[in-house]
Participant: 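My questions all concern the structure below.
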Number of protein chains: 2
Amino acid sequence: MTLTLALAQTRFYVGNISANLTTIIEAACHARDVLGADLIVFPELTILGYPAEDLLFRQNIIDAANNALYSLAEQVLGIAIVVGYPEYDGHTLYNSAAVIHQGAMIANYRKRALPNYGVFDEQRYFSTGTQPCIFEFNGHFIGLTICEDIWQAGMINENYQAGAELLISLNASPFTRGKSQERENIIRQQLNTAPLTVIYVNQVGGQDELIFDGASFVMNQHGEIVFRAHEFTEQLSRIDFINDAPVPSSIAPVLNDLSSCYAALCLGIKDYVHKNGFHGALIGLSGGIDSALVLALAVDALGAEHVHGYLLPSRYTHTMSNEDALAEAQALGVYTDSIPIEPAVTAFTELLAKVLETPSNTAHDVTAQNIQARCRGIILMAISNKQGKLLLTTGNKSEMSVGYATLYGDMAGGFAPLKDVPKLLVYALAKYRNQINPIIPERVLMRPPSAELAPDQKDEDSLPPYPILDAILERYIEHEEAIDTIINAGFDADTVQHVVNLVNKNEHKRRQSPPGIKITRKAFGRDRRYPISSGGRPLKTVQ
Amino acid sequence: MTLTLALAQTRFYVGNISANLTTIIEAACHARDVLGADLIVFPELTILGYPAEDLLFRQNIIDAANNALYSLAEQVLGIAIVVGYPEYDGHTLYNSAAVIHQGAMIANYRKRALPNYGVFDEQRYFSTGTQPCIFEFNGHFIGLTICEDIWQAGMINENYQAGAELLISLNASPFTRGKSQERENIIRQQLNTAPLTVIYVNQVGGQDELIFDGASFVMNQHGEIVFRAHEFTEQLSRIDFINDAPVPSSIAPVLNDLSSCYAALCLGIKDYVHKNGFHGALIGLSGGIDSALVLALAVDALGAEHVHGYLLPSRYTHTMSNEDALAEAQALGVYTDSIPIEPAVTAFTELLAKVLETPSNTAHDVTAQNIQARCRGIILMAISNKQGKLLLTTGNKSEMSVGYATLYGDMAGGFAPLKDVPKLLVYALAKYRNQINPIIPERVLMRPPSAELAPDQKDEDSLPPYPILDAILERYIEHEEAIDTIINAGFDADTVQHVVNLVNKNEHKRRQSPPGIKITRKAFGRDRRYPISSGGRPLKTVQ
C-alpha cells in the first residue's frame, strides 16, 4: 500500500481566518494537483493562527473559525486534510486537529497536554482532551497528536499500542536555541519502545515575540530522519510511503547555533514589520556593536531600500563612532542622515536648570544622560511617526537585564530585535555576519562598549565585564539559580549581589520595553512574569 | 463550647518573607495576648505574598517560605494559626493552608480550584489538591478552603456533608467594582443547602496592578453577615463563637461604587509608591479633568507634602488651564512649578525641519503633537530621576483603549492610576471627591476635554462623544461583544467599526504603558492578553 503525504510548513496570520483559509485551500489544491498527495498535514491551530491569546475568548471569532473548517471541507475534495482549529462544541473549547476528506470530518483529536508554562497559557483557554485518536486512511492506521503531547512520556507508545503505524504531530513550536534537535531527540528516544514513523509539521513565521522555525521532519521507526524541511522558511513537501515505510527524501542540514539565531532574528523583524503594516524600519546608529548588528539584521530582513539609519551625535560622540556607523551603512547601501542633538539637549538643560541644580538622591549625570537618550528618542519617534517606519531599538538582553538603558530614550521604539540576545552573543552574531561579507568595521568589534553619554564613558565603569555579567545573568535568569549557588560556582559575591539587585530593581523598565524576539530558554515578556513590587520594605509609616 | 477567633485582614509583601513572618508573629501574639483569641486566620499565601508570580519558580524562595512556616510554629505557642503558604513536598508545589498549634502542624489543606483566567495564572505554578480538610479544634469541626474554592458549586456543601460546622476561607481576592457584595452573595447562595458559618479573610493592599480590598466577613448559617471588616484598611478583629454560633460583632458598611473606586485608587498609589521606595509622586498638571483627579488621589494617598505638580504650558495651553491647575494645587497645598516647553519644542522643530516637511503617510500635526507631549515627558522624567519621585501618568482607560495618548509623551511615567478608569467614571470620581471638599474647579468639570496640542483642539474632533465611546468600549472590551452585537444594540455602525479598529491597532501602545490599577472586570495588562500582530495582511511580497 502506498501513501503520498504533503507537509505544509506554512505561515499563518493570527486572527486573519480568511487569509489562513485561503492559504490552506491553495496549499491543499497544489498538494493534490501538482504533488499528487493523498493527504496534507498543516500545523497546530492553523485556521485561527497561533498563539491567538485572548482572541480565543471572543465567541464570534471562535464561531468564524469553526465555520471556516466547514467551508474548507466543502471547498476541497480529492485530498484528505489534517488541520488544527479551535474546536467549540457549544460549551467547551478544545485545541483540536480535524481530518477532513470528501466533505466530511473523518477524525477529530483534542489535544491532551496543554502547556501552561513559559510563554504558554493554553489552560487559560482550552479544555483537555481525554483520548487518543487513530484513523484509517487508504489502509493505513494513523495517530494524531498536537505539539506538547509528544513531549509527554508514553504518549507515542500509547498510540503505537493502540495500533497506529504512522503518527502525525501538528505543531506550533517556538524557536529557542538548539530546539530543533531537542525535538528530534525527544521523539527518537520514545521510538525505542514504539517503533512507528512520526510526521512532524511545524509552522513558520514570527508572531510578536515568538519565532516559529519550521524544521518539520519525518522520522522513521528506527529513529532516522528521512526528511527535514529547511528552517525559517515556508516549504510544501511531498513524502511517499510504501507499506508504512517513508521513502527517504530531501534532508535539509541543521543550522548551527549562530546561523539559526541570525535567521530567527531576521524572520522576527520581517514578519513584525509586514504583519503590522510598516513601511520599513529605521534605526539610530551610534557606531556601537548593538546598532551595527541591528542594522545588518534589518537590511537582511527587509532589504536595504526599506531601512533608514540616523546618526544622532552629541558632544560625547567620538568621530570614529560616526565613521564606523557610516561605513557600515554605506557597505549595506542604506540611506542615512545625521541630526546632532545638542540644540535640544541645551534647551532642556536650560529649562531644567533649577531642577538639575537641586541636591538630589540620584547622581546628576544619570539625569543628564537620560535627557540625551530621550532627545534621541523624540527625534527617532518623530521620523517614525512621519514616515510610517518601525523604529527598531538596539538594546541587548544584558542591558535589559540590569537596566542599563533609558526608558523613553534608547528604549523608545516599536520592536527590540536584541531584547533576548546577551551581549557576548551580539558580538558572536556580528562576527558571524561579517564572515558572509565584512560590513561591520573591525573597530566596532574591538572597541570597549560605551553609551557615550558622558566623557570617556565605558560600560565597564558601571557594570562587570560582559563575560562575567552574561554568565551571572544566564545563571540567575535562565537557570533561576540562587545567589549562593552562583557565588559557589566561583563568582565574586559582591558582583553577584550587585547584578541580582540590578535585575530585580529594573523590572519596571522591562515592563515598558518594546516586544522583542525570544531566542533563549527564558526571555523577558510573557516568558518571565515577575512582580515589579517585590521584596519591598514594610510600610512602617502608613500615610 | 466557646471559641474565640481572630481575623487578620493584613498587608503582605510579595517576596519579603522575613517581613511577612514578622507581621504574622506580631498579629498572632497580639491576638493571643490582647484579644484572647484561640485561633487566628490569615489570608491566602501569606508567607510569600500574593501574587508572587514567577518568584514561585525559584527553589530558594520556596525553601525559605517553607522554612518560615516551621519557624513560625516554633516561635508562637498558645494560639492556633491558620496561614497560607506555598507548600513544597520535595517535588510538587501546592497553594496550601496550614494550621499550626503548639509547635505542630495539626492540619494542612491544598487548594483545589486553581484560577487560570483573568489576572490569574495559578495553574502555571501549582498542582491541584484532591481532598477536603476538616480539623477538630477545641471541640469544633472546622473546614478549610482557599479563595477560588468557594466559587465552585458544591465545595461548601462538601465540607458541610463531611462534618464541618465552621468553614474558614483564606483569600487573596482582588478588588473589582462590586466585588465585595459578589463574594458575600456567592457564599450566601450556597448556605441554603449547607448551613454552616463561613469565616472569610481577605488580604489588603496594592500589589502592582491589583488591589486587595479586605472586606473580610463572617456569615452565619442563615446567610446573615454578623461581622464585616472595613474595606481597604488593615484590621485585626475578634469574633466569639458560642456553640458554633458567631456572636454578632461590628459590621462595617459596604462602600458605594464611587467610594470604593476612589479608595482603591488611593490604596494602589500609596502601596506602589511605598513598596518601590519612591520619595513621593509628581504629576504634570494640564488643567484637565484627568490630571485634576490624579492630583487629588495622590494627595489623599500620600499627603500633600509628598506630591509635586508641574505645569508645562505651550502656545496651545489656555490661560484657564493654568489657572485651574494652580487653583486645585493651592487648595490641596501642593508645591507647583511651571516650565514652559516652547524652547524645547522649537529646538526639535528646527532639528527635524527636513523630516517634517517631507510628504508623509501620517498627518503632519500628529507628529508635531507627539513632539510636544514627548517634551513634557522628558521634563517630568528628568525631575523624577533627579528627585526620586514616581511620575504618575494621567491617561484614562478610554484613551488607553483607543490610543489617544502619546507613547513616551503623556504615557511616560511609572504608574498609571486611571489606566482602568473610563472617562465618564473619571468625571464621576472627580465630582465625588468635590463633595468631600470642593478642590477641583467647577470649570474643569464643565469644559469639553482637550489635549491642547493644536489650536482649539477638542477630544471630540477625533473621538466619538465619551458617553458613546465608553459604552462601546465596555461592550467590546469588558463584555467581548462582537461588532454586530454592539451595532444591533443601537450604536452607529461606522462609529463602532472606527472604535474597534482603534482598540485593535493600539495594542502596541498599551504593551508599553506603565502599570495601572485594575478596577473593572477586564483591565489592560495581565488581565487582557491580546496579540499585537493580529488580523494582519498576508505577505504577498515576501522580502
Side-chain angles (χ1 to χ4, degrees), chain A residues 13-16 19 53-54 57-58 60 116-117 123-124 207-208 272 274-276 303 339 343-344 347-348 351-352 355 358 360-362 366-367 370-371 374 377-379 381-383 385-388 408 412 414 480 482 508 511-512 514-515 528-536 538-539 543, chain B residues 13-16 19 53-54 57-58 60 116-117 123-124 207-208 272 274-276 303 339 343-344 347-348 351-352 355 358 360-362 366-367 370-371 374 377-379 381-383 385-388 408 412 414 480 482 508 511-512 514-515 528-536 538-539 543:
Chain A
Y13 292 83
V14 165
N16 195 336
E53 304 188 69
D54 282 7
F57 289 144
R58 301 198 78 90
N60 61 312
N116 208 66
Y117 58 83
Q123 291 171 30
R124 181 175 171 89
Q207 171 61 27
D208 291 350
Y272 194 86
H274 289 295
K275 287 184 175 181
N276 290 288
I339 302 177
F348 284 112
L351 284 172
L352 287 161
V355 173
T358 314
S360 68
N361 307 286
T362 319
V366 171
T367 304
N370 283 340
I371 288 172
R374 288 179 180 137
I378 286 191
I379 290 169
M381 284 303 297
I383 299 167
N385 287 165
K386 194 72 185 169
Q387 301 184 347
Y408 327 129
E480 288 165 334
H508 71 284
R511 205 64 75 86
Q512 292 191 49
R528 185 180 189 270
R529 305 176 190 178
Y530 267 62
I532 299 175
S533 307
S534 176
L539 283 175
Q543 61 181 355
Chain B
Y13 292 82
V14 165
N16 195 336
E53 305 187 68
D54 282 7
F57 290 145
R58 302 198 77 90
N60 62 312
N116 208 65
Y117 58 83
Q123 292 171 28
R124 180 176 172 89
Q207 170 61 26
D208 291 351
Y272 194 87
H274 288 294
K275 286 184 174 179
N276 289 289
I339 302 177
F348 285 111
L351 285 172
L352 287 161
V355 173
T358 315
S360 68
N361 306 287
T362 319
V366 172
T367 304
N370 283 341
I371 289 173
R374 289 178 180 136
I378 286 191
I379 291 170
M381 284 303 296
I383 300 168
N385 288 165
K386 194 69 186 170
Q387 301 184 346
Y408 326 129
E480 287 165 334
H508 71 286
R511 206 64 74 88
Q512 292 191 49
R528 185 182 189 268
R529 305 177 189 177
Y530 267 62
I532 298 175
S533 306
S534 175
L539 283 175
Q543 62 182 348

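Letters A, B, ... mirror the listed sequences (proteins, then strands); counts begin at 1.
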Participant: Please report the interatomic distance CG(Asn370(B)) to CE(Met381(A)), rounded to the nearest 0.5 Å.
Facilitator: 7.0 Å
Participant: Could you pull out the closest heavy-atom pair between Tyr117(A) and Arg124(B), with the gap in Å?
Facilitator: C-NH1, 3.6 Å
Participant: If you tally heavy-atom pairs under 4.5 Å against chain B, which of Arg528(A), Gln512(A), Gln207(A) wins?
Facilitator: Gln512(A)
Participant: Is Ile379(B) in contact with chain A via its backbone, its side chain, both, or neither, using a 4.5 Å heavy-atom distance?
Facilitator: both
Participant: Ignoring hydrogens and angles, tell me if any N or O in the side chain of Asp54(B) forms a donor-acceptor pair with the backbone of Tyr530(A) under 3.5 Å.
Facilitator: no
Participant: Pick whichever of Pro343(A), Gly377(A), Pro514(A), Gly414(A) has the most heavy-atom pairs under 4.5 Å with chain B.
Facilitator: Pro514(A)
Participant: Between Ala347(B) and Ala344(A), what is the shortest heavy-atom contact and its length?
Facilitator: CB-CA, 3.8 Å
Participant: Checking heavy atoms, do the side chain of Ala482(A), its backbone, both or neither come under 4.5 Å from chain B?
Facilitator: both
Participant: Considering only heavy atoms, which portion of Phe348(B) lies under 4.5 Å from any heavy atom of chain A: side chain, backbone, both, or neither?
Facilitator: side chain
Participant: Which residue out of Ile378(A), Asn60(A), Ile371(A) racks up the most heavy-atom pairs below 4.5 Å with chain B?
Facilitator: Ile378(A)
Participant: Answer with side chain, backbone, both or neither: which region of Ile339(A) has an atom nearer than 4.5 Å to a non-hydrogen atom of chain B?
Facilitator: side chain
Participant: Check whether Gln123(A) reaches the backbone of Asn116(B) with its side chain - one donor and one acceptor, N or O, closer than 3.5 Å.
Facilitator: no
Participant: Using non-hydrogen atoms only, which part of Ile532(A) is less than 4.5 Å away from chain B: side chain, backbone, both, or neither?
Facilitator: both
Participant: For a quick test of reading the model, state the closest non-hydrogen atom pair linking Ser533(A) to Asp208(B) and the distance between them.
Facilitator: OG-OD1, 2.7 Å
Participant: If you take all heavy atoms of Thr367(B) and Ala382(A), which pair is closest and at what distance?
Facilitator: CG2-O, 3.5 Å
